[in-house]
Enquirer: 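The following block contains the structure, expressed as C-alpha cells.
All values below were derived from every heavy atom in this structure, side-chain atoms included, with hydrogens, water molecules and symmetry-related copies excluded. In the text below, chain A, chain B and the rest are named by the order of the sequence lines, each starting its count at 1.
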2 protein chains.
Amino acid sequence: MSDLLERLRNRGWRMTAQRRVVAEVLDGDHVHLTADEVHARAARRLPEISRATVYNALGELVALGEVAEVSTDGRAKRYDPNARRPHQHLVCSRCGTIRDVHPSGDPLAGFPESERMGFLVSKVEVTYRGLCPSCA
Amino acid sequence: MSDLLERLRNRGWRMTAQRRVVAEVLDGDHVHLTADEVHARAARRLPEISRATVYNALGELVALGEVAEVSTDGRAKRYDPNARRPHQHLVCSRCGTIRDVHPSGDPLAGFPESERMGFLVSKVEVTYRGLCPSCA
DNA sequence: TCCTACGATGGACGGATTCCAAGTCAAGAA
DNA sequence: TTCTTGACTTGGAATCCGTCCATCGTAGGA
C-alpha cells in the first residue's frame, strides 16, 4: 500500500480514479517526470484521462506539499515526488535530466566529487523564493 | 562608452545596429528584463527590430557569458546583465520581480534579515547545472 | 438511494519562444 | 572604394507548455 495515497486520503483529498492513477505514477519512484510524461504513464492505466486533469492533480499535489515543481529553464516543469526530504538538484543543461543530491556544508563551496553522479557541473545557482514587499 | 560593447567587439562579435541596441539596453542597468521588455526598449531606438533578432542576440550574449538567464517559474525568462559578478537571486513568486543579493556564508543556513530587501522568503533552492554523463 | 458540490473532459485559447525562407548587410579582400 | 560572401535580420508560421471554460459525470455524505 502506498504511503502517498494513504496520506492524501487522510488529508481529505477527494479520491477519484484519475487522481489515484496520477498519485500512483508519482509514488515511490524518484524520477522527475514532466506533466506530459505523467499523463502518458497515467494513460496506460486509464486511457481517457485528460491532460487538464493531470495538470489539476499535479497542481494540487504541489499545493499540498507532497510533490515539488522543478523548473528546468525554458523546458517543461518536472515533478519531484521526493518533496518531503530537503535536497538539491543536479540539472543537465542539454537534455534536462534531473538528479537529487544531498550535499553537506556550504553548497557554494566545493561540491564533493562523490556527489556529482558523473555530471560535469559548471555552475551553482541559489534562488530565494518568496513575496516581494509590494506583493506581501 | 560601454564596457560591454567594447568587450563584445574585442571578442569578434559581429556588430550590427540591432545587436548594438540590444547590448545597450542591457548595459549598465541592473534591472532584470524579459525578452519582451528588451524588445520594447530596443524598438524605441530602432522601431523595426524584430522579436526573433532580440531572442537571437540574447541567446548569444548568454552563450558568451555576458548575460545570465534567470527563469522565474512558468513566467518569461529574465536577462541579467550582471553576469560577471557572482550573486544570487531573490524571486517574487507572485509578480516575478527579481533582485540581486550577495549573502555571505552558507546560503542554506540563515539568510540575514539585512539582505532580504523586504522579501518574505519562503524557500531556498540550490541547483547545480552542467552536463549529465550521457550528454558530456 | 438521492443530491449536489466538486472533479473530469477536451477543445479552444494564450504566452513565450523557435523555426524558416527570403532579403539585407558588415567587414575583409582586392 | 567596390566587391563578395557568409553571417545577420525579418516577420509570420509553427511549436511547446500550460490554462480556461462550459458541460458532463460522480464521490461520498444525508
Side-chain angles (χ1 to χ4, degrees), chain A residues 5 8-25 32-43 45-64 67-79 91 93-96 98, chain B residues 5 8-25 32-43 45-64 67-79 91 93-96 98:
Chain A
L5 283 176
L8 292 170
R9 212 184 279 282
N10 291 339
R11 296 179 69 175
W13 202 48
R14 184 169 173 174
M15 197 52 68
T16 67
Q18 293 81 349
R19 287 175 166 201
R20 185 185 347 273
V21 170
V22 169
E24 283 171 358
V25 163
H32 303 77
L33 303 171
T34 61
D36 235 44
E37 287 163 350
V38 172
H39 176 251
R41 296 196 183 192
R45 301 207 218 163
L46 198 60
E48 332 69 32
I49 192 172
S50 88
R51 227 172 287 272
T53 299
V54 170
Y55 275 104
N56 288 339
L58 288 172
E60 282 155 23
L61 291 172
V62 169
L64 288 169
V67 164
E69 256 179 19
V70 188
S71 39
T72 51
D73 230 47
R75 253 178 270 264
K77 283 180 200 155
R78 287 173 180 273
Y79 294 86
V91 179
S93 356
R94 190 127 172 289
C95 67
I98 299 180
Chain B
L5 283 176
L8 292 171
R9 213 184 278 284
N10 292 340
R11 297 179 70 175
W13 202 48
R14 184 169 174 175
M15 197 52 69
T16 66
Q18 292 83 347
R19 287 175 167 199
R20 177 176 306 105
V21 172
V22 169
E24 283 170 359
V25 164
H32 303 80
L33 303 171
T34 61
D36 233 45
E37 286 163 351
V38 172
H39 177 250
R41 297 196 183 191
R45 300 208 218 163
L46 197 62
E48 331 70 31
I49 192 171
S50 87
R51 226 172 286 274
T53 299
V54 171
Y55 275 104
N56 288 340
L58 288 172
E60 282 153 23
L61 291 171
V62 169
L64 289 168
V67 165
E69 256 179 17
V70 188
S71 38
T72 51
D73 233 46
R75 253 176 271 265
K77 283 178 200 157
R78 288 174 180 272
Y79 293 86
V91 179
S93 356
R94 188 127 174 291
C95 67
I98 297 180

Enquirer: Looking at D:dA7, I'd like to know if its phosphate oxygens (OP1 or OP2) sit under 4.0 Å from a side-chain N or O belonging to B:Thr16.
Expert: no
Enquirer: Can you tell me how far C1' of C:dG14 sits from CZ of A:Arg51, to the nearest Å?
Expert: 16 Å
Enquirer: Round to the nearest Å and state the distance from A:Leu58 atom CG to D:dC17 atom P.
Expert: 15 Å
Enquirer: Using only side-chain N and O atoms of B:Thr53, determine if any of them is under 4.0 Å from OP1 or OP2 of D:dT9.
Expert: no
Enquirer: Separation of A:Lys77 atom NZ from C:dA16 atom P, in whole Å?
Expert: 13 Å
Enquirer: Just do the side chain to side chain contact (heavy atoms under 4.5 Å, CB included) check on A:Arg20 and A:Leu46 with the steps written out, would you?
Expert: CA-CA 10 Å; A:Arg20 185 185 347 273; A:Leu46 198 60; over 6 Å; no
Enquirer: So which one's nearest nucleotide on DNA chain C is more toward 5', B:Ala17 or A:Val54?
Expert: A:Val54
Enquirer: My understanding is that only one of A:Arg51, A:Arg41, A:Lys77 makes a salt bridge (Lys or Arg N to Asp or Glu O under 4.0 Å) with A:Asp36; could you say which?
Expert: A:Arg51
Enquirer: Distance check needed: D:dG12 C1' versus B:Glu48 CD, whole Å only.
Expert: 17 Å
Enquirer: Once you round it to whole Å, what is the distance between P of C:dT18 and CZ of A:Arg75?
Expert: 11 Å
Enquirer: Can you tell me the distance, in whole Å, between the CD1 atom of A:Ile49 and the C1' atom of C:dG11?
Expert: 17 Å
Enquirer: Between B:Gln18 and C:dT24, is there a contact of a side-chain N or O with OP1 or OP2 at under 4.0 Å?
Expert: no
Enquirer: Under a 3.5 Å distance rule, please check whether B:His39 uses its side chain to pair with a backbone N or O of B:Tyr55 as donor and acceptor.
Expert: no
Enquirer: Between B:Leu46 and A:Thr34, name the one whose nearest nucleotide on DNA chain D is closer to the 5' end.
Expert: B:Leu46
Enquirer: So do the side chains of B:Glu37 and B:Thr34 get within less than 4.5 Å of each other, counting heavy atoms only?
Expert: yes
Enquirer: What contact category does B:Arg19 fall into here, base, sugar-phosphate, or nothing, at under 4.0 angstrom with non-hydrogen atoms?
Expert: sugar-phosphate
Enquirer: Can you find a side chain N or O atom of B:Tyr55 that sits less than 4.0 Å from OP1 or OP2 on C:dT17?
Expert: yes
Enquirer: Which part of the nucleic acid, if any, lies within reach of B:Ala52 when heavy atoms closer than 4.0 Å are counted: base, sugar-phosphate only, or nothing?
Expert: base
Enquirer: In whole angstroms, how far is the P atom of D:dC8 from the CG atom of B:Leu8?
Expert: 13 Å
Enquirer: For B:Asn56 and B:Arg14, find the nucleotide of DNA chain C closest to each by heavy atoms; which residue's nucleotide sits nearer the 5' end?
Expert: B:Asn56
Enquirer: Just how far, in rounded Å, is P of D:dT9 from NE2 of B:His39?
Expert: 12 Å
Enquirer: To the closest 0.5 Å, what do you measure between OH (A:Tyr79) and CD (A:Glu69)?
Expert: 4.5 Å
